[in-house]
**Q** 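Input: one structure, supplied below.
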Amino acid sequence: MAPGTSSFARLIVFQRTAATPLFSLLSTRKIIFTSRRKLGFRLSTSHCGVRGGVMISEPLQAVKDRIDLTEKEERIFRRLLDVVDHFKLSTQLRVAGGWVRDKLLGKDCYDIDIALDNMLGREFCEKINEYLHFAGEEQQGIGVIQCNPDQSKHLETARIRIYNIWIDFVNLRSESYAENSRIPKMKFGTAEEDAYRRDLTINSLFYNINTSSVEDLTGRGVQDLKNGYIVTPLTPKETFIDDPLRVLRAIRFGARFNFKLDEGLKEAASDGEVGDALMSKISRERIGHEIDLMISGNKPVRAMLDICDLQLFNAVFTLPESMQPEIVEGCHRQCISYLEAAWNVLQLIGSSTFTDEQRRLYLYGAFFLSLRSIVYTDNKSKKVPVSNFIIRNSLKLKSNDAEMVVSLHGAAEKFISFLASVESYNEPVPADLKLEEDFLELPPTSWKRVWAGLLLREIKSFWRVALLMSTLLYQTTETIGDSLSKESERRQLIFIKAESIISNFDLDNVWEVKPLLDGKAIMRILQLEGGGPIVREWQQRMIKWQLAHPDATSDECLQWMQQSQAKRPKLDCCA
């Protein structure tokens, strides 16, 4: 390894898990018109040829031979054509990109982007409102999103609601890039120029509303969709250097659809110049957004593997300058291994166990689990976990995300002892589950409930997330060397057992439980004139007692506290 190179730069290839089906074809209403402007489907271009010396002809993906419009889509498109007819416009209306791709794959898509060939989006939206006024209908507000090159927004976009669906309008464009800049020079372009300037061939398809046809102007979009192929319309290095964010989009779409990355694309993406451009030209917010979509997607392990394989880990997950202890060699492998283990056990227990947000943070937490004990010193001389830095500074995600991941790491480590007690056939509780206040005089049978309740009060509704994450850390001598499938099944079983025990403790929403006696009552018993740390200590002590006596009344709590206060001086004298 070259001097000064972070150990993050050492890449290791890992075994991928078997792919699962990505789509179930959704039934949609088939709409066929006999008029000149029937809103059906016909394919303008068919493509089959040689790529990389290999003849590609056999379709691998279930790609529909027509686009089936929903009733809402038919009404929207009809309304747009009415505007064109009313004002006798020569404008061609094309739905661009993702909507066309998803419809051909049999998926519904509600993100409709219209590309215009001879006018700006806001101009056409104004025409829509003029038509609505003419038709005696209520006009709609027009939202204009100004171009913002720093956020990868190169053109003005106009938005208007049509039949309660937001539709975006932009003009077709061509672009050119100056050296050392990701901000292109934009101008009106043809549909073909617009198609070639897009990131991937599968995203370069148009649905021409005027002619009711899909336009494959690169000549390869449909076939690449059928063959499950991720490839750029122009040469990949040129595409990535012009806008390096496209390399992350290629990885994301490859993972999302389980499509194969083109060999030339992989070679270009692995070029150090592309990694440098990604770091220098792209805002951390945009990088973080792409990573967030990958982690929240259906193939997060595949996406992170591709980032590793394409030598982009350093560029994506930047690190602080000094860390304690130093990151060990092979950290890539540890990050991916934890993520894969987390994903595999999540599939076994079922994603419905968690909300989307819990699932997302569970995967982030697992991905950075190997970094949980590594800290750096921030500008306030405070020791901060490295995972906090990556989430907040490298990916520019929410502060709450970083704080929750750190909390999950801490709770997962605490749960390890609980898992050991769950698997133990002996009743005694491990030492670090015991409570350090003997005067509470809690029976040993209550210790587990009290301990679990206190931990749940710390992590709150994310306790199942932390519990599942702890199974990734928990290991016994009997399980070392288990196969991946056996290891996942073991984690599933111990999670279910531990979850069942905690659920049987009836600790739902235990974090909302308040002390039976308020501060004033505690001050009265202790004969204090003011509050302070002593009152807070007794409130915490009281919560432990309540966890051990879940059916106790406030009078019983008062009696316990009076008795405990009387015993406390004796215990202090004997200490």
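Sequence positions, counted from 1, serve as the residue numbers for this chain. Note that the structure is predicted; figures quoted are calculated from it, not measured.
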**Q** Indicate, with yes or no, if the rings of Phe259 and Phe253 have centres closer together than 6.0 Å.
**A** no
**Q** Within a 6.0 Å radius of atom NE2 on His133, are there more than 12 heavy atoms belonging to other residues, nucleotides or ligands?
**A** no
**Q** For the side chain to side chain contact (heavy atoms under 4.5 Å, CB included) test, which of Ile391, Val405, Ile291 pairs with Leu397?
**A** Ile391
**Q** Answer yes or no: is there an ion pair linking Arg359 with Asp356, defined by an N-O contact shorter than 4.0 Å?
**A** no
**Q** Could you tell me whether Lys237 and Asp271 have a side-chain N and a carboxylate O separated by less than 4.0 Å?
**A** yes
**Q** For the pair Asp108 and Lys103, find out whether any cationic side-chain nitrogen is under 4.0 Å from an anionic carboxylate oxygen.
**A** yes
**Q** Quiz question: by atom type and distance under 3.5 Å, do the side chains of Asn208 and Ser213 form a donor-acceptor pair?
**A** no
**Q** Does the side chain of Thr157 pick up a donor-acceptor pair with the side chain of Asp168 at under 3.5 Å?
**A** no
**Q** Is the shortest heavy-atom distance from the side chain of Phe169 to the side chain of Val144 under 4.5 Å?
**A** no
**Q** Should the pair Arg220-Asp216 be classified as a salt bridge under the 4.0 Å nitrogen-to-oxygen rule?
**A** no
**Q** Would you call Glu137-Arg79 a salt bridge at under 4.0 Å N-O?
**A** yes
**Q** For Gly221 versus Ile202, what's the shortest heavy-atom pair and its separation?
**A** O-CG2, 4.1 Å
**Q** Side chains of Trp463 and Glu499: is there a donor and an acceptor less than 3.5 Å apart?
**A** no
**Q** Going by the side chain to side chain contact (heavy atoms under 4.5 Å, CB included) test, name the single residue among Ile282, Leu248, Ile390 that passes it with Val316.
**A** Leu248
**Q** Just so I know, are the side chains of Met294 and Ile307 near enough to count as touching, which here means a heavy-atom distance under 4.5 Å?
**A** yes
**Q** Are any of the side-chain nitrogens in Lys107 or Asp68 under 4.0 Å away from the carboxylate oxygens of its partner?
**A** no
**Q** Does this structure show an ion pair linking Lys266 with Asp262, if we count only N-O contacts that are shorter than 4.0 Å?
**A** no
**Q** Does the salt bridge (charged side-chain N to carboxylate O under 4.0 Å, His left out) test come out yes or no for Glu290 and Arg252, once each step is laid out?
**A** CA-CA 7 Å; Glu290 288 296 324; Arg252 175 163 64 85; 2.7 Å; yes
**Q** Is there a side-chain contact between Leu245 and Phe240 (heavy atoms, below 4.5 Å)?
**A** no
**Q** Does some side-chain heavy atom of Leu69 sit less than 4.5 Å from a side-chain heavy atom of Tyr207?
**A** yes
**Q** Does Lys127 count as lying over the ring of Phe87, i.e. NZ or CZ under 6.0 Å from the six-ring centre, within 45 degrees of the axis?
**A** yes
**Q** Can you find a side-chain donor-acceptor pair between Thr232 and Arg246 that sits under 3.5 Å?
**A** no
**Q** Between Ser394 and Arg284, what is the shortest heavy-atom contact and its length?
**A** O-NE, 2.8 Å
**Q** Could you tell me whether Phe124 and Tyr131 have their ring centroids closer than 6.0 angstrom?
**A** no
**Q** So does Arg197 pair up with Asp242, basic N to acidic O under 4.0 Å?
**A** no
**Q** Would you call Asp401-Arg360 a salt bridge at under 4.0 Å N-O?
**A** yes
**Q** Starting from the C-alpha separation in whole Å, work towards a yes-or-no answer on ring-ring contact (aromatic ring centres under 6.0 Å, His included) for Phe317 and Phe389.
**A** CA-CA 10 Å; Phe317 303 105; Phe389 177 91; over 10 Å; no
**Q** Return yes if some donor-acceptor pair links the side-chain N/O of Gln358 with the main-chain N/O of Ser461 below 3.5 Å, else return no.
**A** yes
**Q** Answer with yes or no whether the side chains of Ser90 and Asn118 bring together a donor and an acceptor at under 3.5 Å.
**A** yes
